[in-house]
2 protein chains.
Amino acid sequence: MRLSNLADYAVVTMCAAARHCGFARVSAAVLAEETGLPAPTVQKLVSQLSRAGLLNSTRGAGGGIKLARPAAAITLADIVEAVEGPIALTACVEQERPECALGERCRVRPHWALVNEVLRGALADIPLTQLARVPEEMKLEA
Amino acid sequence: MRLSNLADYAVVTMCAAARHCGFARVSAAVLAEETGLPAPTVQKLVSQLSRAGLLNSTRGAGGGIKLARPAAAITLADIVEAVEGPIALTACVEQERPECALGERCRVRPHWALVNEVLRGALADIPLTQLARVPEEMKLEA
DNA sequence: TGCAAATCGGAACGAATTGATCCGATTATG
DNA sequence: CATAATCGGATCAATTCGTTCCGATTTGCA
């Protein structure tokens, strides 16, 4: 029931990347420095996020990564699924392949599917723009 | 983001126990046989569920376990929390102790708290009675 | 055109949590 | 009072997670 640390870090990394949206490409090392996360970990996350189609990576000198889509079109659900795979609380609701020993007789599965949909909906309702927005309190205390 | 297998088994076990509610106490071995789960696993689950106050266990010959409360007063959230501890997607929202390095400056945490509350609400809305109820389709195919 | 620097991508290692199993402590019964 | 059956805690293996490292690829400059 706990989100993996990688997924948590991925959200922070995407937030940092969103702040550079529109500017030149950013290297993974810069994002690591800004977020305070270990550089190798950020590299691994960038790889996964690129494969998932959330980031566009350019190799070579002067390369780096940038958002593949506008920040408004990226949601928390996208980021979590990119790192952890499909959102599935139980094995029952995963990719329509019920591996439960009870099979179709399981009375609990329909309820799990409902809870799963509620959770996914809550994550899909939060766009990256909302996460990257700086609250007013932070501006005041700065 | 995945529920542990123990929690899944706990739900099945509680469902089986609810079917015996009102009758004599049931032993963990019987529940294991009915659910098809390994007997030692069911024993461990019964211990945890008893400590959490969801089951009342009686030792000695002829002992066993029974629901500590009416099935209508037990929700999915209760069972999950009994096995996995407090429902917390991230370490930020756990027991009001933010261990995040960013501390109060984290802009993501309020959103996690919201998602966490939505998830908990979805689990708390499903009572054990609803899980243990046998659908009409099952009666027909039997 | 060739070299060099900087980047991403995948693979390998170590650690932690989870899951299953076993044995001892406890208690009502005959 | 002895017995038998039960729960409770402790121990051990396995899978997954998290971190780290090294190689392949590409662009920029001389």
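Chain letters run A, B, ... following the sequence lines, proteins first and then strands; every chain starts at 1.
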Subject >> R2(A)/E84(B) ion pair, N-O < 4.0 Å >> reply: no
Original post:
If you measure from CG on L128(B) to CD1 on I79(B), what distance do you get to the nearest 0.5 Å?
Top reply: 5.0 Å
Original post:
Using a cut-off of less than 4.0 Å, is there contact between a side-chain N or O of R51(B) and OP1 or OP2 of dC7(D)?
Top reply: no
Original post:
Is the side chain of D78(A) donor-acceptor paired with the backbone N or O of T75(A) at a distance under 3.5 Å, no angle test?
Top reply: yes
**OP:** For side chain to side chain contact (heavy atoms under 4.5 Å, CB included), just list the numbers for T35(A) and Y9(A), CA-CA rounded to whole Å, side-chain angles, deciding distance to a tenth of an Å, and then say yes or no.
**Re:** CA-CA 9 Å; T35(A) 58; Y9(A) 297 163; over 6 Å; no
**OP:** With heavy atoms under 4.0 Å as the rule, sort A28(A) into base, sugar-phosphate or nothing.
**Re:** sugar-phosphate
Original post:
Expressed in angstrom and rounded to an integer, what is the separation of R2(B) atom CZ from dC17(D) atom C1'?
Top reply: 13 Å
**OP:** With axes from five pairs an end, tell me the bend angle of the helix from dT1(C)-dA30(D) to dG30(C)-dC1(D), nearest 10°.
**Re:** 0°
Original post:
Between the main-chain N or O of A28(B) and the side-chain N or O of Q43(B), is there a donor-acceptor pair closer than 3.5 Å?
Top reply: no
Original post:
Hey, does V26(A) have a side-chain heavy atom less than 4.5 Å from the side chain of E34(A)?
Top reply: no
Original post:
NZ of K66(B) versus P of dC7(D): gap in Å, rounded?
Top reply: 14 Å
Original post:
Just to confirm, is there a sub-4.0 Å distance from OP1 or OP2 of dG8(D) to any side-chain nitrogen or oxygen of S57(B)?
Top reply: yes
Subject >> Reading 5' to 3' through nucleotides 11-30 of chain C, protein heavy-atom contacts under 4.0 Å coded B for base, S for sugar-phosphate only, - for none >> reply: --------SSB---BSB---
**OP:** Starting from the C-alpha separation in whole Å, work towards a yes-or-no answer on side chain to side chain contact (heavy atoms under 4.5 Å, CB included) for I65(B) and L31(B).
**Re:** CA-CA 10 Å; I65(B) 54 106; L31(B) 290 181; 3.6 Å; yes
Original post:
Which is it for L54(A) and L67(A) under the side chain to side chain contact (heavy atoms under 4.5 Å, CB included) test, yes or no, and what are the steps along the way?
Top reply: CA-CA 6 Å; L54(A) 298 183; L67(A) 294 181; over 6 Å; no
